[in-house]
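Proteins come first, then strands; the chains are lettered A, B, ... in the order of their sequence lines, and each starts at number 1. Heavy-atom basis, side chains included; hydrogens, waters and symmetry copies ignored.
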Amino acid sequence: MHGSDATGSPYAPHTDDERARMLEAVGAGSVDDLFDIPDAVEFDGEFGIDARSERETRRLVRTILGRNDDLTELLGRGHYGYYVPSLVDHLADRSEFLTSYTQYQPEISQGFLQALFEYQSLLVELTGLEVANCSMYDAATALGEAATLAERVRDTSGHRVLVPDLLLEGRRSTLENYVAGTDLAVDTYPTDDANVDLAALEELIDEECVMVYAENPTVRGTIEEGLESIGELAAERDALFALGTDPVALSLLQRPADVGADVVVGDASVLGLPTSYGMGLGLFATTEDYLRQVPGRLVGASEDATDRRAFTLTLQTREQHIRRERATSNICTNQAWVALRTAMHAAYLGPSGMVDLAERGVTRAEDLAERLDDLVGATAPVHDRHHLREFVIRVDQPAPAIADDLEKRGFAVHVVGDHELQVCVAGVPDERIDPFVAAFREVIR
Amino acid sequence: MHGSDATGSPYAPHTDDERARMLEAVGAGSVDDLFDIPDAVEFDGEFGIDARSERETRRLVRTILGRNDDLTELLGRGHYGYYVPSLVDHLADRSEFLTSYTQYQPEISQGFLQALFEYQSLLVELTGLEVANCSMYDAATALGEAATLAERVRDTSGHRVLVPDLLLEGRRSTLENYVAGTDLAVDTYPTDDANVDLAALEELIDEECVMVYAENPTVRGTIEEGLESIGELAAERDALFALGTDPVALSLLQRPADVGADVVVGDASVLGLPTSYGMGLGLFATTEDYLRQVPGRLVGASEDATDRRAFTLTLQTREQHIRRERATSNICTNQAWVALRTAMHAAYLGPSGMVDLAERGVTRAEDLAERLDDLVGATAPVHDRHHLREFVIRVDQPAPAIADDLEKRGFAVHVVGDHELQVCVAGVPDERIDPFVAAFREVIR
Amino acid sequence: QYEPLLSEKDQTRVEIGGNGGDGGSPLPDDLTRDSLELPELSEPELARHYTRLSQMIYGIDSGPYPLGSCTMKYNPKFTEDVAALPSAAVHPDRSERSVQGTLELMYRLQDYLGRIGGMDAVTLQPPAGAAGEFVGIRVAAAYHEHEGEGHRDEVIVPESAHGTNFASAALGGYDVVSLPSDEGGRVDLEALEAALSENTAALMLTNPNTLGLFERDIEEIAEMVHDVGGLLYYDGANLNALLGRARPGDMGFDVMHYNVHKTFATPHGGGGPGAGPVGVVDELAPFLPAPRVRENGASKSEPGYELFDPEHTIGKVHGYQGNWLVLVKAFAYIARLGDEGLADASAKAVLNANYLASRIEYEVPYEPFHHEFVASAGEQDAADVAKRMLDYGVHPPTTKWPEIVPEALMTEPTEVEGKDTLDRLAAAFNAVADEDDETLEAAPERTTARRIDQTSAARSPRLSWQALESEGDDE
Amino acid sequence: QYEPLLSEKDQTRVEIGGNGGDGGSPLPDDLTRDSLELPELSEPELARHYTRLSQMIYGIDSGPYPLGSCTMKYNPKFTEDVAALPSAAVHPDRSERSVQGTLELMYRLQDYLGRIGGMDAVTLQPPAGAAGEFVGIRVAAAYHEHEGEGHRDEVIVPESAHGTNFASAALGGYDVVSLPSDEGGRVDLEALEAALSENTAALMLTNPNTLGLFERDIEEIAEMVHDVGGLLYYDGANLNALLGRARPGDMGFDVMHYNVHKTFATPHGGGGPGAGPVGVVDELAPFLPAPRVRENGASKSEPGYELFDPEHTIGKVHGYQGNWLVLVKAFAYIARLGDEGLADASAKAVLNANYLASRIEYEVPYEPFHHEFVASAGEQDAADVAKRMLDYGVHPPTTKWPEIVPEALMTEPTEVEGKDTLDRLAAAFNAVADEDDETLEAAPERTTARRIDQTSAARSPRLSWQALESEGDDE
């Protein structure tokens, strides 16, 4: 318990005697002597941060976070609150996984490398593309990386990246930052029920365009019906087709490789993480053609000196620690441990569980929409399309007031128009649906 | 995810195909064919227990246990709610510790054996006795085992076991059950401020007596002042002196070996477990003389075939799986994992932390007693003795009503007389003391 | 590979009170010890110590663990989460009204177990299987005493029974009458007839027995025991064979214990804690340990729960209510699986035992077995076979017991192993079966420690680091 | 030892929609894929798979981890508990009033970090150190643009800087001007003078630098940079050297990032997630990413918190607020240690580096270093030295970088190692120092995998089990 009641770090094991002997060994009279900081920039103030016992610290955080309301979240949009099996917590928390560094010494990191290799393989199956990296930060940054990839691999002098008009602000803004240092500019194409307006897109897409980005499902929960057409349009114009999606959607919806997608991005942490205030896992997959332009880490199979299969980080010459300013990305620390959790969750579900989870995202959304549609003062779904997990409701009363009232009753929903709300069923426990419908009935009166 | 949505066990990995192939291999048409149960005793009913998903099951337990009130417990008596460091949870939960069996194959159990060996060594230091076992169930059963040990090792025809008049009912009743199959009978000696009444004891103790049991601290939190005298009395009459205590008390109070104790029992889980509705860890230590009569498992050091130090369960011929009805106890499954946790917690504290924890049990009790004593309508401590952790308060108003009122304000205390309450400071966070004093002031008015 | 003892990493002596010179002790010297000497290590050092120790342990997540009669199931991770809920951490002396959640969970678990065993009343207090047996014995004694039959002083136990049966009966003060098996490995009815008398307090049986065989004559056995006024006790160690297919209560058993750390998948924890709830028929309910939990009938809409002492209770066998946190895990397991899950567990446990037996070269003399079987190592030494199996990366079966099978390899794979794992396990059995004695005696070779000398450990016991140090001093 | 891939244990193809014949799909075929083929395994099988994988990983609880510039501290277990609180799991689109706890924690952490770094305003959004650098670069660009200095197109980076500095500047569209070191291993002031110009947007510095040396001329450097209108960026990777002794803000830095997974002990997770909050001086605060957190002033007695967009914000660099769960852990660590704990951590980190350096036989050319030092393997190949150190059961240092030291062994023990561990680590260094090249090139011999062929892995990349299978098909 060195230090846990003392004033030093509770995680430094030195006894006074040891410290003295160490100072003697280095020939210093005190630890202060070891610092070579000019007086002028020495800090002799205080931070004013009190030390606390472990128990007190836990209580402090619990107290602070206890101020969050306990709401049933019907918010979706890449963060679904799917139940994460306890298995994932217990195994990912094994300290060998949790506390190890990036696998630059593969001989003592085989377990993590294999887990990441399996994660990559999961994405290869889901996307149909040949290459998936170990992770980007989240969907927004993965989209940014897709744009810079497009700039690198496209021979054209083009500079436009086309994104849907409804693109989430966080993604759009991040993308703008990622392309700020390039010649690229972000342009918008219109949508219809959140689906791509193909006619409009065809007009907008030209030789200036290096990438078209679409999402499936769309931000309104509709299933995109024009993927193949987008793929063809992009291919004709020699633009990359980047598709935004996630592992659960991919379990059921059209396979990106089958619709001509060149890059797939999104938040893979829909599996593996609870809603975590936006913390995510950037999914990034692409075709073999662009392998040497991929950002981020890649795990590859190899052999060790005894010719046994072994895994290692590979193609590292793409990366910043070797290529510096000519690297494919500046990413270093990534989301490896989240990728581990996602792989574990997917493995727990298995293909039948993943397909089932996705299909229930369709049927449960249908069921809820039908129940809301039955209420006087509400129409759902607004869009005459197939939906996955989320859909829009039209309400007679002003939407913001209804959302406020719902929140008071313990439910969080999106306002997407003066008289439009958006709700998501994924991750919402079955037994919270009835209370939600009841609350909805009350508040729209 | 085999079975997690299916109707079978979610923890049985068989696919339908595998099951079919296995049945074929054993030459059975169906699993039913493998059962050899006469029709008359076959069960064709239902339990009526619904299967639930993992998420639903967690919610069920959370909902049920959520009906427990959130009280600050000042209850003590062997269950103190000392803060258990997170380290203990995380390391003891490693599945190698948690899920392994008793170490009958020591070659693949060295880690657990060493941890238990270290636990035994901890108790040897704390008690000063040479032998500590791997665990009994709790303080009560350890006391029962001490009595049967006394019967085995005493040559006298004696049959009396002497215990204090204030002995907790759970301990007394358990002791009675343990000696029910022997010639022993449990008798009571009087106490003074919960301390042994030495004069009375001297009269009661005779050649019929095989064991005298005392506790330090006593059930009222007073520190026993007559330990050496008890030890001498017992030795003179050839009776065993069994002392009830715990690892925190032992860190500060007189060492059992120094006062002539032959056996030490108690709940060692005051370290390592939160209050767990009485779940405990029976501490059992004794002198080398009685080694071969000790109940329960013992870990010993040995060597392996390469002469390296190795650990193993030893002296197993005392145990039921070998000696059957002549075993020193019927115990088989014990509290090994709790012993691991206790050893971890003690190691986390270290000797300075343990002494400090005990000393704070003295000073914080003093401080609280003083503050309560300052209130009109209360006197504390009632007993003019030194206290560890707990003490008695005399109140002008009826004690049960005061305890009820305190509970309504979020504090649980003991009623020990019409106008006497008992409170315990150990494990109570510092910041709950002021509110307790404030609540106390209110309710005694 | 070797991990030093904590005491080899550090020993720090803390002086107490006036002795240390700081005079900081709040107690007079004559009430305190002089000093305390123990390792003083930092959190990172301890994390490494125990991580390293854990790496030298084979657990259920390491591979198959086919210990006969031990039912080494996979322990679902989520049960740890529910037992770790802050609301589960309550003091045992709380008022009943402030622990309604705890009481409700106990009430529900009593109810579940009653249904599963076909028993009318259940106590959760016994902290282990042997403690459950002892409760059964004490309940039987109290019952007979109450019936004016206090003279009954014998408990009959089959030779092949678990050692705890003998020890628990003896602890209860009974003479143990050992009962031989018949040629088929089951209770010998003639021998039973001979053993039964007006002095019989109870017969303790496991069913299926330790050979995995169902006692087909159980109805007749029950009648014989009841005819002489004895009680029939069911040792629940093998209940995992029968879930949803047969219930002790329906077979005529009067009292039984459940091993929740076997049948209901709570972790074994390296030896414990477990829990050994006891179920009884109505007639014996008044004798169960105090207190039990019941609905208090205070409110129709929201049931409340209370503790009560059975009328003729034997009192307590544990200071409080047993191993509460273990009971929480058992409840969660049962609630998760439900009827079908529990029945499926038994079905696949039996299928697995039969499949594994069909794949191994060792002879299995007794059948039809259920969830476990006992193979014979034949000319080989069963204990050596076990040591050698360690080298193949699997946990061996229980050995040399029951003695009815020469060089017994008592094997219980449980339902959690799939075909691939069973094939791997069978391959390990068969590899060892083909090896010579020399190889077996030299085993294990690939484990953390090589074969450990048990004899010298027992001859000169060194049970603490203090003993090792003083030994070092002597040298 | 070898653990099969999940795909080698099972591959199950699930047909979707009409294709499967069950017609169960709720979507028309043209909106769905045909099938999904992945491993379908049970929970016990997965528990064993990942347990086995974990056993093939060296983590911080396995032993010393002296990777230079990586600050591999012990990760306190309790920080996992607070991040796992159910109240921490909230959706990022929640209304501000419903996540007051989350906003308060972020506000407090912003405040803590500001004090520790001597910065006026902090954003928590960057999800990693490199993302923090990128924010710094973007903030600098926006600032210069706002000041009418949009022509500035150069960022100066010392040769010995972390690779991310170069890459982040390049991602921001800047030309990178590489700055040589002086003979002492520090910034060469003359070279700096030459590099600085009216085109200089920023100088990125680590202090102490990657040799562990404090840039003594930091005040002069700051003045020089500021004189040409540039900004001074602090790379926080080495902040663990300075806690409580010096603050970047006091040295003249305008913008900095913090690596909470280094300095504040959040776990590295096998590569991530980390978090890279960015602090700036007042002048740059209007350019920080949106949104930030501030008190809303609604109530004096109980402060409330709200999000706001800085006036000239650069927008976002993450879809939401970065790696929230990591931020919770960092907050808990800082709140646990407080002023004295943080200062003590740096003191002992520096003591440890100096002590370790004094014990090893390899030459350490540059000093006085602080929390890390760079030794030279001399005639040996540093990468081989690292491989051989694995055989001694310790993690090796970072190798071959910074290139200013030939065959660099960049070593940072951090404060969590005690003298005994440092002695053991030194013994491993010294054992390897005495070995010949042949031995080194054959290393490692005692690890799970032997030396792995990196060249062939890169030459014919096999990045998925599908690739391995199709390769198998080709053969």
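- For B:His79 and C:Tyr320, the ring centers are positioned less than 6.0 Å apart.
- Side-chain atoms of C:Arg33 never come within 3.5 Å of backbone atoms of B:Gln254 as a donor-acceptor pair (strictly under, hydrogens ignored).
- Remark: the backbone N or O of C:Leu463 is paired with a side-chain donor or acceptor of B:Gln120 at under 3.5 angstrom.
- Counting only heavy atoms from C-beta outward, the side chains of B:His14 and C:Tyr355 never approach each other to under 4.5 Å.
- C:Asp339 contributes a side-chain N or O that, together with a main-chain N or O of B:Gly48, makes up a donor-acceptor pair within less than 3.5 Å.
- Proximity to chain B is absent for every atom of C:Tyr174, based on heavy atoms less than 4.5 angstrom apart.
- A donor-acceptor contact shorter than 3.5 Å is absent between the side chain of B:Glu107 and the backbone of C:Lys387.
- Taking the ring centre of C:Tyr2 as origin, the terminal cationic atom of B:Arg308 falls outside the region bounded by 6.0 Å and 45° from the ring axis.
- At a 4.5 Å heavy-atom cutoff, the contact between B:Leu91 and chain C is made by side-chain atoms alone.
- A donor-acceptor pair is defined here as one N or O able to donate and one able to accept, closer than 3.5 Å; such a pair exists between the side chain of B:Glu73 and the backbone of C:His91.
- Both the backbone and the side chain of C:Tyr50 come within less than 4.5 Å of a heavy atom in chain B.
- Side-chain contact of B:Ser9 with C:Glu415: a donor-acceptor pair under 3.5 Å is absent, judged by distance alone.
- Side chain of C:Arg450 to main chain of B:Ala305: no donor-acceptor pair is present (N/O by atom type, distance under 3.5 Å, no hydrogens or angles).
- Both the backbone and the side chain of C:Asp93 come within contact range of chain B, judged by heavy atoms closer than 4.5 Å.
- Looking at C:Asp250, the atoms closer than 4.5 Å to chain B (heavy atoms on both sides) sit in the backbone and in the side chain alike.
- The main-chain N or O of C:His318 is never found under 3.5 Å from a side-chain atom of B:Asp138 such that the two would form a donor-acceptor pair.
- A donor-acceptor contact shorter than 3.5 Å links the side chain of C:His370 to the backbone of B:Asp36.
- Contact of the C:Val99 side chain with the B:Asp69 side chain is not registered, since no non-hydrogen atoms from C-beta on lie closer than 4.5 Å.
- The side-chain heavy atoms of B:Met279 and C:Val328, taken from C-beta on, include no pair separated by under 4.5 Å.
- Checked by atom type and distance alone, the side chain of B:Glu125 pairs as donor or acceptor with a backbone atom of C:Glu37 at under 3.5 Å.
- A salt bridge links C:Arg462 to B:Glu303: one of the charged nitrogens lies within less than 4.0 Å of a carboxylate oxygen.
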Would you check, one step at a time, whether the test side chain to side chain donor-acceptor pair (under 3.5 Å) holds for C:Asn75 with B:Thr99? CA-CA 7 Å; C:Asn75 308 128; B:Thr99 72; 4.6 Å; no
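- Checked for salt-bridge contact, C:Arg245 and B:Asp32 meet the test: a charged N lies under 4.0 Å from a carboxylate O.
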